[in-house]
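Reviewing the structure listed below.
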Amino acid sequence: MTDAEAQRTADTQTAPDMLIVRNPADGSELARIPVTTASEVALHTADALELHRSGVWSGVAPRERAAALLRLADLMQRDAETLARFDSEDAGKPVTECRDNDVPGAIESIRWFAEALDKQYGRVSTTASDVLAFTEREPFGVVAAILPWNYPLAMACWKIGPALAVGNTIILKPAEATPRSTLYLAQLAEEAGIPAGILRVLPGTGAETGAALATDPNVEAISFTGSTATGRKILTASASTNLKRVSLELGGKSPQVLMADALAFGDRLIDGLVEAAFLTAGQNCTAGSRILVHDSIHDEVVDRLSRAAAALRVGVPSDKATQIGPVIDAVAADRILAAINVAVAAGARIASGGTEVSVVTGGRYIAPTVLTDLPADAEILRTEIFGPVVTVQRFGSRDEAIALANAVDYGLAASVWTKDLENALALARGIRAGLVSVGAYSEGDMTVPFGGWQHSGFGGAEKSLQAFAQWSREKAIWVQLT
Ligand code: NAD
């Protein structure tokens with residue numbers, strides 16, 4: 001059972017037909033939002049299909065779709081404070097993170113896809129002269145996106161940007177904990193002139209609303225971002241129903257590899273490690289949660305990292321000085337603390353943190369934690385913790401570093417810290433992951449494809465021009481000329 005499912009099971013006893021949106025900062029209730037039932041999902045998808053076929057969105061000139069999406073980006077800019085507040089309150093993320101990073105990133109992604117949408121071309125095949133054969137891409141029709149809670153607006157925009165750009169009608173299912181920014185986004189979309197019903201937000205539980213979308217015969221493509229466990233269910237649902245196209249962006253256990261010369265990066269190195277490990281209290285799919293350090297610099301890195309972790313300000317998300325907010329809920333907090341305790345019982349040393357911090361009653365806050373001296377078979381080295389916990393392991397050679405980096409089932413992201421070109425390229429090529437950064441902790445910008453390998457997912461990149469392929473399908477047309 002994922003954290004969200006366990007929390008929902010607890011809340012269901014209070015209000016079975018409602019999502020109770022709680023502020024992770026203090027557990028207070030922010031909103032009650034009706035769960036979209038499976039039968040309501042079916043009505044929505046049937047209506048969405050009719051709307052798609054009417055051509056009210058899919059049939060208009062790409063420039064008009066671009067203009068509407070650009071207006072949406074402008075409206076998001078106008079209401080950026082509101083959007084940032086919703087995500088900060090619902091997800092417990094520091095408000096500065098939402099205001100300075102997540103919301104601007106979401107706006108930029110809508111603009112980027114809008115600007116790129118009419119710069120896509122089909123292809124003409126090299127056939128005999130009595131034939132014209134070409135390919136073009138068409139929207140699927142009704143598509144769905146199921147979202148996680150940690151980047152509610154940003155994940156929504158990575159999906160609606162390309163999906164709407166190519167002419168689909170899209171249904172978003174936000175995570176139970178974080179529906180408010182996407183519901184607001186749907187209002188802004190209408191205000192921007194995107195016809196009503198082309199973007200629908202159906203809040204609800206995974207078990208009811210999400211599962212209904214995953215099995216719905218009118219939905220022809222689904223893009224899922226969330227845990228690997230739920231990703232498997234989405235894939236199974238597709239396999240056992242209408243074989244809808246599935247794209248999965250799942251969890252991670254991303255390594256940060258520090259070669260012997262890594263300290264030459266100076267403060268940038270420690271800042272990068274801290275950001276990678278503790279951004280969004282480590283509740284980040286690309287969290288650099290495994291630090292792999294060359295023997296010769298191990299002790300100095302542990303020392304500097306531990307001091308930097310201990311200096312981070314843990315506090316309420318609304319405080320602009322806060323760097324580490326609460327974890328999403330009590331279920332997550334208990335799971336993270338249990339994982340730390342199991343690691344310590346197996347021989348790990350806590351170099352920093354390791355405990356719960358008392359900030360506000362009702363919220364669950366965990367000190368940024370650095371674990372060292374772990375036995376090679378420690379469970380925490382392989383499983384995604386999704387909290388402010390980083391492990392440090394040592395290695396003696398480049399090959400050993402590559403082997404350690406690849407010793408997990410995930411393959412989302414990695415960072416390599418060295419100024420030696422040969423080492424950098426050998427590591428970048430040797431590590432199995434969808435994204436490897438050198439000399440940085442980075443997810444790249446909108447021009448860079450983003451997508452995981454292995455248990456971190458498959459099915460096409462988010463971001464970059466490749467994202468359009470995730471939301472459209474190719475048709476070949478053969479014209480016999482004589
Ligand atoms: P989760 O899997 O618990 O939930 C994600 C979404 O799936 C929610 O909207 C939930 O309601 C829905 N869901 C649950 N059961 C379902 C079912 N049976 N059918 C259909 N939908 C269902 O994940 P979470 O706790 O919200 O998010 C955390 C996870 O997401 C982490 O593993 C994290 O690494 C991953 N994540 C990945 C990326 C990426 O881009 N790769 C980005 C952000 C988060």
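What's counted below: heavy atoms across the whole structure, side chains too, no hydrogens, waters or symmetry copies.
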Note to self: For a quick check under 3.5 Å, do Trp149 and Glu176 share a side-chain donor-acceptor pair by atom type?
What the structure shows: no

Next item on the list: Before giving the answer on salt bridge (charged side-chain N to carboxylate O under 4.0 Å, His left out), spell out for Arg111 and Asp74 the whole-Å C-alpha distance, their side-chain angles and the decisive distance to 0.1 Å.
Entry: CA-CA 9 Å; Arg111 283 218 174 95; Asp74 289 344; 2.9 Å; yes

Note to self: So, applying side chain to side chain contact (heavy atoms under 4.5 Å, CB included) with Thr369, which one of Thr355, Val390, Val389, Thr391 is it?
What the structure shows: Val389

Check: Do the side chain of His294 and the main chain of Phe395 share a donor and acceptor less than 3.5 angstrom apart?
Finding: no

Margin query: ring pair (Phe, Tyr, Trp, His ring centres under 6.0 Å), that's the test. Do Trp158 and Tyr151 meet it? Break it down for me.
Written below: CA-CA 10 Å; Trp158 283 11; Tyr151 287 84; 8.2 Å; no

Next item on the list: Keeping the roles fixed (side chain from Arg22, backbone from Asp329), state whether a donor-acceptor pair exists under 3.5 Å.
Entry: no

Margin query: Tell me whether Asn406 contacts the main-chain N or O of Gly430 through its side chain, where contact means a donor paired with an acceptor under 3.5 Å.
Written below: yes

Checklist line | Lys119 atom NZ, over 12 foreign heavy atoms within 6.0 Å | finding: yes

Checklist line | Criterion side-chain hydrogen bond (donor to acceptor under 3.5 Å, both in side chains) against Ser223, the qualifying member of Arg245, Lys159, Glu249 | finding: Lys159

Notebook entry, point to check: Looking only at heavy atoms, what is the nearest atom pair of Pro317 and Ala25, with distance?
Noted result: CD-CB, 3.5 Å

Notebook entry, point to check: Taking atom CD of Glu422 as the centre, does the number of heavy atoms from other residues, nucleotides or ligands within less than 6.0 Å exceed 12?
Noted result: no

Next item on the list: Would you indicate whether Arg313, at its atom CZ, is surrounded by more than 12 heavy atoms from other residues, nucleotides or ligands within a distance under 6.0 Å?
Entry: no

